[in-house]
Amino acid sequence: MLRMDNVSFSYASDKNLSDVNLSVKKGEVILLCGESGCGKTTITRFLNGLIPNFFDGKREGDVYLNDDEIGEMPIHEISKHIGSVFQNPKTQFFNVDTTSEIVFGCENLSMDVDEIRKRLDYVMDDFKINHLLDKSIFKLSGGEKQKIACASVSTVNPDILILDEPSSNLDSKSSWDLEDIIKNWKNQGKTVIIAEHKLFFLGDVVDRVLFLKNGRIANEWSLEEFKQANHRDLGLRQLNLENIASKRKEYYSSKNEFLELKKFKFSYGKTQILDIDDVKIPKNEIIAIIGKNGAGKSTFANCLCGLKRSCKGELISDGKALKRKDRLKKTYMVMQDVNHQLFTESVLDEVLLSMDEEDIKRAEEILTNLNLIHLKDAHPMALSGGEKQRVAIASAIASGKELLIFDEPTSGLDLKNMMKVSENLKYLQSLGITSFIITHDYELIMEVCSHILHFENGKIIGNYKINEEKLKEFFLNDC
């Protein structure tokens, strides 16, 4: 059905793919895995026609959809057969409201109105997103946007679906829902190709696993063979989250100092999004902020660092109530979409920008610790999603602020770079810095976090030292 014959590709001087041969049968579910930069995304771009239609580079070899060379097919013809979900769903949105976005592809193909309505009803049930109909795209959480992107592709009902890091912004429940959706596609005879770092939700659905290294397919396994492989040695995330234990279970700061939130509230219009009466949060901890997509986690982060002008209430630290302007001075946030906070012409300049006084030696040390030093002269916007994420984290570390807030800092990161982020968070803690980590990444929490804030409907329903039983109940209840 899909075939790559001796495909090599270079975006610039560095070769990204080398002599890749791949044959995909109808109805197969294939996982592409490997460390960041190994060539996963480039393969997906060949298979969905983005290369050569939208990405230039030196290309060798051919890619076929049945007997047609994909590179010679117009994009509108490819889209009838192949649907794609990108790592950053915003890059594929064309509308400002969710319902219009979900049906956009069908309208673009001039489908009958009754057929479009029928398909809309179908994906609403499949994706469990009735509550997201007729909403502004701009008011959705990252995970909710990802669901809309998946639903809009599914509505067109292509034979082949290509997913690039589809779980990067999804909560645990939504990831298990995605597994069910992939199973449903598989039962319908569809072909699914998934490039992914998080593996836990794919353990019962994948037929074949391709492990890429340095632009080549280094290994190929059946699912049963892959289950026996040592994922850590391969630099991969865990396939079974049950095997992960907390590394910080016995750790807790001895300083016994707290941040206190009083009457901390925020509303969009008449809709209350955040409602925290009185809570004490330990300082000098690495605090995981968990909860389902849309629970209010990112809104809390924006209020905590002073970005929301209409946020009410107080943040008390060292006996002083910090007003919004005070919080802006004392906090630094790495946003979920880091494209909003990359401003300069080079990675090194980006880190220097966040320093009160420029220190090139210190900036290069931070870049080295995050495996970015080889990119110090690169333009930040030319980097991969995971690399951009690490640049923003480097800027946060360089800022020297007392409170650091990270919104999904490991979305799209492989095991090695997740561990790099973990090491730097521990280093920040040794300096007396308090870090808040909004995350759906169970592996990151088990590796580095020492305290949990659990959000639901804008309220804190859990405030506790890391507890494996409680976390497993939340993250693994749909295994």
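Note: hydrogens, waters and symmetry copies are ignored here, and every other heavy atom, side chains too, is used.
Summarising the geometry, atom CE belonging to Met419 is positioned 11.5 Å from atom CG belonging to Asn424; distances are rounded to the nearest 0.5 Å. Going from atom NZ of Lys265 over to atom SG of Cys303 covers 12.0 Å, rounded to the nearest 0.5 Å. With rounding to the nearest 0.5 Å, the separation of CD in Glu402 from NZ in Lys283 is 6.0 Å. Here the CG atom belonging to Leu50 is positioned 6.0 Å from the OG atom belonging to Ser84, to the nearest 0.5 angstrom. Within the model, atoms OG1 of Thr44 and CG of Leu163 stand 9.5 Å from one another, a figure rounded to the nearest 0.5 Å. Between Ile244 atom CD1 and Met446 atom CE the span is 8.0 Å, to the nearest 0.5 Å.
With contacts defined as side-chain heavy-atom distances shorter than 4.5 Å, the pair Asp171/Phe475 does not qualify.
Formation of a donor-acceptor pair under 3.5 Å by the Glu35 side chain with backbone atoms of Leu234 is not found in this model. Counting only distance, with no hydrogens or angles, the side chain of Asp414 and the backbone of Asn417 share a donor-acceptor pair below 3.5 Å. Judged by distance alone, with hydrogens and angles left aside, the side-chain atoms of Glu350 form no donor-acceptor pair with the main-chain N or O of Pro380 at under 3.5 Å. Judged purely by atom type and a 3.5 angstrom limit, Asn53 uses its side chain to pair as donor or acceptor with the backbone of Gly49. Looking at Lys40, its side chain does come within 3.5 Å of a backbone N or O of Gly34 through a donor-acceptor pair. Within the 3.5 Å criterion, the main-chain N or O of Ser141 finds a donor-acceptor partner in the side chain of Glu144. Looking only at distances, no side-chain donor or acceptor of Asn302 sits under 3.5 Å from a matching main-chain atom of Lys308. Proximity of a side-chain donor or acceptor of Arg390 to a complementary backbone N or O of Leu370 within less than 3.5 Å is detected. Looking at Glu260, its side chain never comes within 3.5 Å of a backbone N or O of Ile281 through a donor-acceptor pair.
Between Glu314 and Lys263, no side-chain nitrogen of the basic residue sits less than 4.0 Å from a carboxylate oxygen of the acidic one, so the salt-bridge criterion is not met. Using a 4.0 Å cut-off between charged side-chain N and carboxylate O, Lys292 and Glu456 make no salt bridge. In summary, Arg117 and Asp121 do not engage in a salt bridge, as defined by a charged side-chain N under 4.0 Å from a carboxylate O. A salt bridge between Asp441 and Arg237 is present, with a side-chain N of the basic residue lying under 4.0 Å from a carboxylate O of the acidic one. Between Glu423 and Lys426 there is no salt bridge, since no side-chain N of the basic residue sits under 4.0 Å from a carboxylate O of the acidic one.
For the residue pair Glu447 and Ser422, no side-chain donor N or O sits within less than 3.5 Å of a side-chain acceptor on the partner. Side-chain atoms of Asp97 and Ser100 form a donor-acceptor pair, as typed in the model, at a separation below 3.5 Å. Thr439 and Lys297 share no side-chain donor-acceptor pair at under 3.5 Å. Of the N and O atoms on the side chains of Ser174 and Lys147, at least one donor lies less than 3.5 Å from an acceptor on the other residue. With hydrogens and angles left out, the side-chain atoms of Ser346 and Asp377 include no donor and acceptor closer than 3.5 Å. A side-chain donor from one of Asp337 and Asn339 sits under 3.5 Å from a side-chain acceptor of the other. In this structure, a donor-acceptor pair under 3.5 Å is present between the side chains of Glu196 and Ser167. At a cut-off of 3.5 Å, with distance as the only test, no side-chain donor of Arg119 or Asn157 sits close to an acceptor on the other residue. Side chains of Thr42 and Tyr11: a donor on one and an acceptor on the other come within 3.5 Å.
Between His454 and Phe474, the gap from one ring centroid to the other is short of 6.0 Å. Ring centers of Trp176 and Phe200: under 6.0 Å apart, within the cut-off. Under the 6.0 Å cut-off for aromatic ring centres, Tyr268 and Phe266 qualify, their centroids lying closer than that. You'll find the ring centres of Phe436 and Phe406 outside the 6.0 Å limit.
Environment of CG in Leu133: crowded, with over 12 heavy atoms of neighbouring residues, nucleotides or ligands closer than 6.0 Å. The number of heavy-atom neighbours closer than 6.0 Å to CG of Asn457, taken from other residues, nucleotides and ligands shown, is 12 or below. Other residues, nucleotides and ligands contribute at most 12 non-hydrogen atoms within 6.0 Å of the CG atom of Asp356.
A cation-pi arrangement is present between Lys470 and Tyr464 under the rule of less than 6.0 angstrom and at most 45 degrees off the ring axis.
Counting all heavy atoms, side chain and backbone alike, Ala396 lies closest to Leu404 at O-CD2, 3.8 Å. When every heavy atom of Met333 is checked against every heavy atom of Ala301, the shortest pair comes out as SD-CB, 3.7 Å. The shortest non-hydrogen separation linking Lys186 to Val29 is CD-CG2, 3.8 Å. Between Ala363 and Val351 the shortest heavy-atom distance is CB-CG1, 3.8 Å. Taking both residues in full, the closest heavy atoms of Leu304 and Thr331 are given as O-CG2, 4.3 Å, listed atom of the first, atom of the second, then distance. Taking all atoms of both residues into account, the shortest heavy-atom contact from Thr155 to Leu120 is CG2-N, 4.5 Å.
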TODO: For Ile137 and Asn95, run side-chain contact (heavy atoms from CB on, under 4.5 Å): C-alpha distance rounded to whole Å, both residues' side-chain angles, the deciding distance at 0.1 Å, then the answer.
DONE: CA-CA 8 Å; Ile137 290 284; Asn95 296 275; 5.7 Å; no

TODO: Go through the steps for Lys330 and Asp326 under the test salt bridge (charged side-chain N to carboxylate O under 4.0 Å, His left out), then give the verdict.
DONE: CA-CA 6 Å; Lys330 291 180 176 289; Asp326 298 321; over 6 Å; no

Task: Verdict with reasoning, Tyr332 to Ser395, per side-chain contact (heavy atoms from CB on, under 4.5 Å) - done: CA-CA 9 Å; Tyr332 191 105; Ser395 296; 3.3 Å; yes

Open item on the list: For Lys190 and Leu161: C-alpha separation, side-chain torsions, deciding distance, then whether side-chain contact (heavy atoms from CB on, under 4.5 Å) applies.
Closed with: CA-CA 8 Å; Lys190 295 187 183 300; Leu161 295 117; 3.7 Å; yes

TODO: Go through the steps to decide whether Leu471 and Asn467 satisfy the test side-chain contact (heavy atoms from CB on, under 4.5 Å), and finish with yes or no.
DONE: CA-CA 6 Å; Leu471 289 169; Asn467 181 303; 5.7 Å; no

Open item on the list: Please determine whether salt bridge (charged side-chain N to carboxylate O under 4.0 Å, His left out) holds for the pair Asp275 and Lys459, giving the CA-CA distance in whole Å, both sets of side-chain angles, and the decisive distance to 0.1 Å.
Closed with: CA-CA 5 Å; Asp275 184 11; Lys459 298 177 182 289; 2.7 Å; yes

